[in-house]
Amino acid sequence: MPKEDVNRGKEDIPAGSEVLGSGRRNPPPALLLLITAFAIAGYFGYQEFQERLVTLHEEDARIRAEMVTISSRVAGWVTAVSAKEGEIVEKGAALIVIDDRGVKAVVEELNAELEGINAEKERLKAHQVLVRKQTESKLIAEQSELSAAQVVVSSLEPQLNLSKREVERTTRLFRRKVASRRQVDQSQQKLQKIEREHEIALAKVNGARARVRQAEVERARLDVLNGDLIVLEKREAQIKAKKRRHKLDIGDRIIEAPLKGIVDRRFVDIGEYVSPGQRLVLIHDPEHIWIEANIKETEVRRLKIGQSVEVTVDAYPDENFEGYVERIGSSATSTFALLPSPNPSGNFTKITQRLPIRISINQKDGRFRPGMMVEIKIATGR
């Protein structure tokens, strides 16, 4: 064969199809790439399958916090607002101030009423002392007169009895013609005199007793004055209760932060009129946060309290965070829907329900904020 023919025959052989020592051809590069792609896909698919066996992955998860809505207990005009959105405030810091001039005026009126009541109480107490002294002195005097009158009566009674016996004796002697008429008349005259004195003494005793009873009745005025004092004390207690209530009202007009946290929203400005129960500020504690995830009901059986959780925050995709399952919900999220679906038509489509779970996670320099989307992987085991 000529040399030219031999070279021409080699040129007709396609590139990359050189004959091996065994006489077989090499596989084309496209086939090698396809085989390599299938191998890589199979490897990663197996890895994904293995991961799904030992972990539970969920994207329906968010960072949550206790959002405290601060409202007003009283009505009034806003005079000062120190709360700024995004600002960290300490517990007890004044956020909003409501006008308190009207309430302070009422407290001043109540103070004036208390002063008037105290003055009236002092007057009644002084009157009590005066009445007590007057009645005590009068009672002592009347009791003394009663005692004197009783002494006179007791001293006249023996004389009266003696005079009666003398009259009887002289009368008997007169009948026997031993005594004269004059002696009888003299004894009778003496008896009448003593009887008059005795009656006068008895009248004085009765009069003294009546005056003693009157003095004792006058002492009852002390009980009346005591009743007036009790009425004033009750009224004083009512006014003090009103005063305490209005002081609480004054304190409630300074809206303070119930916790140390971040101001998320402010809903009022200076000059606005607020009503009781109206929300003014929204605040949350940045250190008390957690993750809430909604897990399919078919996967709940794999969950247990305390399982470790790998967390990926969408805001920080290059970092991984650790947490653990803190609580598993006892009701599906559909039970909390505002609009229930009773299905009156009878058409039914089965939908997999979801149960909320709570995952504990530590705050990282204040970077976790309520509402952020996260992805979680829960280590459930086989």
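Just so we're clear, the structure is a prediction, and the values are computed from it rather than from any experiment.
Closest approach of I376 to A61, counting heavy atoms only: CG2-CB, 4.4 Å. Shown here for Y273 and A75, the closest heavy-atom pair between the two residues is OH-CB, 3.4 Å. The two residues V313 and M372 make their nearest non-hydrogen contact at CG1-SD, 4.2 Å. The shortest heavy-atom contact between K296 and T352 is CB-CG2, 4.0 Å. Contact between V325 and K304 at its shortest, heavy atoms only, is CB-O, 3.6 Å. Minimum heavy-atom separation, L232 to L124: CD1-CD1, 3.4 Å.
Tracing side-chain contacts under 4.5 Å through hydrophobic residues (I, L, V, M, F, W, Y), one never reaches V103 starting from L114; they form parts of separate clusters. If you chain together hydrophobic residues whose side chains sit under 4.5 Å apart, L282 and I255 never meet in one group. Connection of F321 to V374 is established within a shared hydrophobic cluster, with ILVMFWY side chains joined at heavy-atom distances below 4.5 Å, either directly or through further cluster members. In the hydrophobic cluster analysis, where Ile, Leu, Val, Met, Phe, Trp and Tyr join through side-chain heavy atoms closer than 4.5 angstrom, V68 is grouped together with V81. Cluster annotation: V97 and I283 are assigned to distinct hydrophobic clusters (Ile/Leu/Val/Met/Phe/Trp/Tyr, side-chain heavy-atom contacts under 4.5 Å, transitive).
At least one donor-acceptor pair under 3.5 Å links the side chain of E297 to the backbone N or O of Q353. With hydrogens and angles ignored, the 3.5 Å screen pairs a side-chain donor or acceptor of Q363 with a backbone N or O of F368. Under the 3.5 Å distance criterion, the side-chain polar atoms of Q192 are left unmatched by any main-chain donor or acceptor of Q189.
A salt bridge does not link E113 to K242: none of the charged nitrogens lies less than 4.0 Å from a carboxylate oxygen. Using a 4.0 Å cut-off between a side-chain N of Lys or Arg and a carboxylate O of Asp or Glu, D60 and R62 qualify as a salt bridge. Taking 4.0 Å as the cut-off between side-chain N and carboxylate O, R245 and D249 do not count as a salt-bridged pair. Residues R123 and E120 are paired through a salt bridge, judged by an N-O separation under 4.0 Å between the basic side chain and the carboxylate. The existence of a salt bridge linking K240 and E236 is confirmed by a sub-4.0 Å separation between a basic side-chain nitrogen and an acidic carboxylate oxygen.
Note that the OG atom of S360 and the CD1 atom of I305 stand 11.0 Å from one another [nearest 0.5 Å]. In this structure, CD on Q307 lies 11.0 Å from OG1 on T55, to the nearest 0.5 angstrom. To the nearest 0.5 Å, the span separating CD1 on I63 from CZ on R367 amounts to 10.5 Å. Taken from CD1 in I289 to CG in N362, the straight-line distance is 7.5 Å, to the nearest 0.5 Å. Atom CD of E292 is separated from atom CZ of R64 by 5.0 Å, given to the nearest 0.5 angstrom. Rounding to the nearest 0.5 angstrom, the gap separating the CG atom in L280 from the CZ atom in R266 is 11.0 Å.
K260 is not listed as a side-chain neighbour of D285, based on a closest heavy-atom distance of 4.5 Å or more. Looking at heavy atoms from C-beta onward, E322 lies out of side-chain contact with V309 at the 4.5 angstrom threshold. Side-chain atoms of I262 and H284, non-hydrogen and from C-beta on, do get closer than 4.5 Å to each other. Looking at heavy atoms from C-beta onward, H246 lies out of side-chain contact with K243 at the 4.5 angstrom threshold. Within the 4.5 Å cutoff, the side chain of L225 has no heavy atoms near those of the L229 side chain. Counting heavy atoms from C-beta on, the side chains of I250 and K104 come closer than 4.5 Å. M67 is listed as a side-chain neighbour of P370, based on a closest heavy-atom distance under 4.5 Å. The closest side-chain heavy-atom distance from V300 to I328 is below 4.5 Å.
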Would you please test I359 and E326 for side chain to side chain contact (heavy atoms under 4.5 Å, CB included) and show each step? CA-CA 5 Å; I359 298 170; E326 181 179 353; over 6 Å; no
Apply side chain to side chain contact (heavy atoms under 4.5 Å, CB included) to I98 and V274, showing your working. CA-CA 8 Å; I98 301 175; V274 298; 3.6 Å; yes
Check the pair V74 / D100 against side chain to side chain contact (heavy atoms under 4.5 Å, CB included), numbers first and verdict last. CA-CA 10 Å; V74 296; D100 59 357; over 6 Å; no
Go through the steps for V263 and V281 under the test side chain to side chain contact (heavy atoms under 4.5 Å, CB included), then give the verdict. CA-CA 7 Å; V263 177; V281 178; 3.8 Å; yes
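Side-chain contact of N294 with E58: a donor-acceptor pair under 3.5 Å is absent, judged by distance alone.
For R358 and W290, the positive end sits near the middle of the six-membered ring, less than 6.0 Å away and at most 45° from its axis.
The list of side chain to side chain donor-acceptor pair (under 3.5 Å) pairs with a residue in residues 69-87, not counting sequence neighbours, reads R73-D252.
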